[in-house]
Amino acid sequence: MTGGGFWTMGGYAAYVWPAYAVTTLALIALLLGALRGLRQAERELATLEGSRARRRAPSASAAGDLA
Amino acid sequence: MHRFANPARFLRIITAILPWSAGASAALLPLGLYFALIGSPPDYQQGDSVRIMYVHVPAAWMALAVYSVMAASGAVALVWRHPVAELVAQAAAPIGAVFTAMCLITGSLWGQPMWGTWWVWDARLTSVLVLLFLYLGYIALVNAFDDPTRGARAGAVLALVGLVNLPIIKFSVDWWNTLHQPASVARLGGPSIDPQMLLPLFTMAGGFAAFFVTVLILRVRAELLRRKLRVLRLAQAQG
Amino acid sequence: MTRKRRRLYLLLAGLASLAVATTLVLLALQSNLAFFYSPSEVAAQGVPEARRFRLGGLVEPDSVKRQADGVTVEFRVTDTRASLPVRYKGVLPDLFREGQGVVAEGMLQGGVFQASEVLAKHDENYMPPEVAKALKASGRWKEGEGK
Amino acid sequence: MSAFVAVLARDLRLGLRHGADLAMVVIFFVLAALLFPFGVGPEANLLARIAAGVVWVTALLAAMLSLDRLFHADYEDGSLDQLALSPAPLAVIVLAKATAHWLTTGLPLIAVAPALGLMLRLDPAGFAPLLLAMLVGTPCLSLFGAIGAALTLGARRGGALVALVVLPLVLPVLIFGVGAVEAEVTGLGAQPHLLVLGALLAAALPLAPLAAALALRQALESA
Amino acid sequence: MAKTDLDRGRHKLNQRSDPRQSFDSGSFAGAGLACVRGDRLLFRGLGFVVKPGDALVLTGPNGSGKSSLLRLMAGLLAPAAGHLTWAGRPVEANREAQRGRVRWLGHLDAVKPTLTVRETLALHGRLHGAGADPAAALDDALGALGIGALADTPGRQLSAGQRRRVALARLLVAPAPLWLLDEPTVGLDDAGFAAFGAVAAAHRAAGGAIVAATHSDLGLGDARRLTLADFAPSAAELEAAA
């Protein structure tokens, strides 16, 4: 660091910090958005497969009763 | 290779890549940030405002690179009709749009103190703005159809048509006398940037690229799951 | 056979069309298609008064004069062959200095370019101050190379 | 070649029999352009400065409006299937339809442009470059528009989507079209701008029909 | 996967048609065909052979892919798997020639409200290169479908059945060996139905072939049937594909 110190950015703090803030926020938003989409799809898939398992389950228990 | 082929192999490959790309971005981004904000010197003319370059330029590179990835996957989707290529193009578009917007915003924050204006209609800025509109048009087009395949194919054609904009962006600063300065890194005669400044630039660029791959994989995986959901629901409805 | 021949003709017509496009672009790029015009172009074309355009070039060394009011600045913009006086009232960008690139928007009035906006154009060189000093000291500095 | 002529003749005939639709595009053009004196005030200097831009932007929007005519009706009534199944290359048919579109919308727009220029107080030196630029530039609008119209066939929200897809592609036409007039009025000469417009047209002439044909095939796949 | 589909297709093919039939010259054939619309697999492992003079009727419930199979045969839709051949050569080798051999009648009539019947058919003749005397061919076509009196009537004044007749007349304006018809008799009255029967018989007698999708009887006599339900994937297969 030369010049006016870390936080003042040599007088360009009003431009440098927003630029980095925008970048950081955008990257975080991208990552969170992707993760949320993935989680949601996983959850829906789990629900669907759960309902199918339930549909199969009664017939299995009926067979068990017979035995 | 069929549309109804199981994309399991592709899923295995991207799952294997994911930890590496995630690790690379987790290592490179903080390192790049350190170099960019603390470990590199100010510019002889621009002072500390030059530090905006370390996010602005990698964002610009990614904006172009992601579009190339999108157009290439679009071409693969059209020629070989591979469903995975459609998914990759679709998943890449929003990421590219964010990088393009990031490039424009950070560029504006750099232009105000250095050039004396937030925005100017010169060839470089205008062509990057057109790139952003192409991304947005692509996203709107892909989502405008009830049949996801139709959307993906239409998007692929648009991505290919928009490819003509990339050389215009790259060479706009050489062909026209713009306010934007000419290329500093990819130019004949080597970079005109001091090595101490190239280091943070390349570290950040590497971090951005790894980050893009990571998010792309996450989004493609979500898309694959959604497709599986649709097919399962159809199967359920029929059987 | 006729199908192949027709294909060939269509292909040739397409290629010819693209060749024409390339030629036209190259022709257009020979003249200035520009964001801004240089002082010598302005002189050669005889730009009339009171027409808005952008003027670009280098700030002529030792030509910058600040008026008494503190906000009006006068300087000359040069492209080494011709130069034009510029008057501007307002805040100058940080990079505005003598010998540096500048783009001004405005119009000619009485032979003086009345600028309503002055933008600094910087070159593609980035280096720390010490390196710049060392380069200047060793005489390897190429002034105004980036234009 | 005969396929080109046949489709061109058919589309011209169809266009002329729907004369009211054509008139609507021209009326929109005139009306939209004449909103500007009310919007920005009737001061002659101000109008003169924006005249070329207003004429070009409204011409662009008018052309956008007419684009859904290009393929949509044929797609809806099955004619596009028949055209796509004729032995002629689909790109040739697209070129014919784009040509018909230009003849029925581009030419009328050019015809009324001088009147608009007068009412918007365009500098007398600007008329020739405006008309020349429109003569070269409006075919580009029809050609790029064909790509957009083909891409959006069968989409849920057609109109706005076509504009979103096509406008970024035709931005260069607008830039150089307006640039030609401004350069001429400033005394710097319209020629380089007109050359670029010519280059755009020469490049679009073979490439746009190919891209539009590709897009049409995709649209027909899911018809 | 492609290989097994293909084999299964051949197997079915041999079961349901004359075993002597192979992909011999002059015939139009498909093997191992699969079709996906959206995310939905409509059919797979489908094979067929159409020879000169043949009529093949596609049947199956709504949504089983009859229209899609016709579009696939026409080349408007690319198969997700399998291939089509004409006289033993793949149709992709020369798509333009294939388009010249096929006449298409979709479920839409492609009749413009402002064009007269004659104009509509004349365009079709010019696009497909009608024979030596296009005007005569056009008049013959109009006569065969019983719409000679409507020649100069604009499309908007035609009834649904009359429009269907115009669409059928398109098949005759420029002759081609293969007709692909999607519900050709929809909206036709008895006279129209009879006219279609006569036209179809003449086409087959001259060595032409017909593939038609329908829910009703077309009166095509000795037509063979292809039931699409036989090629529908099972629920288990659909789930496996996910």
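What you are looking at is a predicted structure, and each value in this text was computed from that prediction instead of being measured. Reminder, nothing fancy here: chain letters follow the sequence lines and each chain counts from 1.
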**Q** Below 4.5 Å, heavy atoms only, C-beta onward: do L27(A) and M102(B) meet side chain to side chain?
**A**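 Touching, per the 4.5 Å side-chain cut-off.
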**Q** Quick check on the structure: residues of residues 105-118 of chain B within a heavy-atom distance below 4.5 Å of chain A, by number.
**A**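 Near chain A, by residue number: I105(B), T106(B), L109(B), Q112(B), P113(B), M114(B), W118(B).
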**Q** Between L33(B) and chain A, with a heavy-atom cut-off of 4.5 Å, which part of the residue counts as in contact: side chain, backbone, both or neither?
**A**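 For L33(B), the side chain is the part near chain A, not the backbone.
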**Q** Quick check on Y15(A): does its OH atom have over 12 non-hydrogen neighbours (other residues, nucleotides or ligands) under 6.0 Å away?
**A**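 Yes, enclosed.
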**Q** Just to verify, what does R43(A) make a side chain to side chain donor-acceptor pair (under 3.5 Å) with, not counting sequence neighbours?
**A**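 None.
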**Q** Could you walk me through whether T23(A) and F208(B) pass the side chain to side chain contact (heavy atoms under 4.5 Å, CB included) test, one step at a time?
**A** CA-CA 10 Å; T23(A) 308; F208(B) 273 34; 3.7 Å; yes
**Q** Given that the side chain runs from C-beta out, which part of L25(A) has a heavy atom under 4.5 Å from chain B: side chain, backbone, both or neither?
**A**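 Contact with chain B: none, neither part.
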**Q** Sort E223(B) into side chain, backbone, both or neither according to what part of it lies under 4.5 angstrom from a heavy atom of chain A.
**A**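 Neither part, no heavy atoms under 4.5 Å.
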**Q** Between E44(A) and K228(B), does any side-chain N to carboxylate O distance fall below 4.0 Å?
**A**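 Result for this pair is no, no salt bridge flagged.
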**Q** Select all residues of residues 12-24 of chain B having any heavy atom within less than 4.5 Å of some heavy atom of chain A, and report them by number, or 'none'.
**A**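 Within residues 12-24 of chain B, no residue comes under 4.5 Å from chain A.
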**Q** For a quick test of reading the model, state the closest non-hydrogen atom pair linking Y20(A) to R51(B) and the distance between them.
**A**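 Looking at all heavy atoms of both residues, the closest pair is OH-O, 2.6 Å.
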**Q** Tabulate, in ascending numerical order, the residues of residues 212-221 of chain B having at least one heavy atom closer than 4.5 Å to a heavy atom of chain A, or enter 'none'.
**A**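 Hits under 4.5 Å: V215(B), L218(B), R219(B), R221(B).
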**Q** With a 4.5 angstrom heavy-atom cut-off, which part of E49(A) approaches chain B: side chain, backbone, both or neither?
**A**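 Just its side chain gets close to chain B.
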**Q** With a 4.5 Å limit on heavy-atom distance, are the side chains of L45(A) and L232(B) in contact?
**A**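 Of all side-chain heavy-atom pairs linking L232(B) with L45(A), at least one is under 4.5 Å.
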**Q** How long is the gap from CD on Q40(A) to CG on L229(B), to the nearest 0.5 Å?
**A**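 Rounded to the nearest 0.5 Å, the CD-CG separation comes to 10.0 Å.
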**Q** If I compare all heavy atoms of V98(B) with all of A26(A), which pair ends up nearest, and what's the gap?
**A**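 Heavy atoms only, the tightest pair is CG1-CB, 3.8 Å.
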**Q** Might you point out which heavy atoms bring A222(B) and A41(A) nearest each other, and give the distance in Å?
**A**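 Where A222(B) meets A41(A) most closely, the heavy atoms are O-CB, 4.0 Å.
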**Q** Under 3.5 Å, side chain of Y12(A) to main-chain N/O of V50(B), donor-acceptor pair present?
**A**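 Checked: no pair found.
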**Q** In terms of heavy-atom proximity below 4.5 Å to chain B, should V16(A) be classed as side chain, backbone, both, or neither?
**A**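 Both parts, heavy atoms under 4.5 Å.
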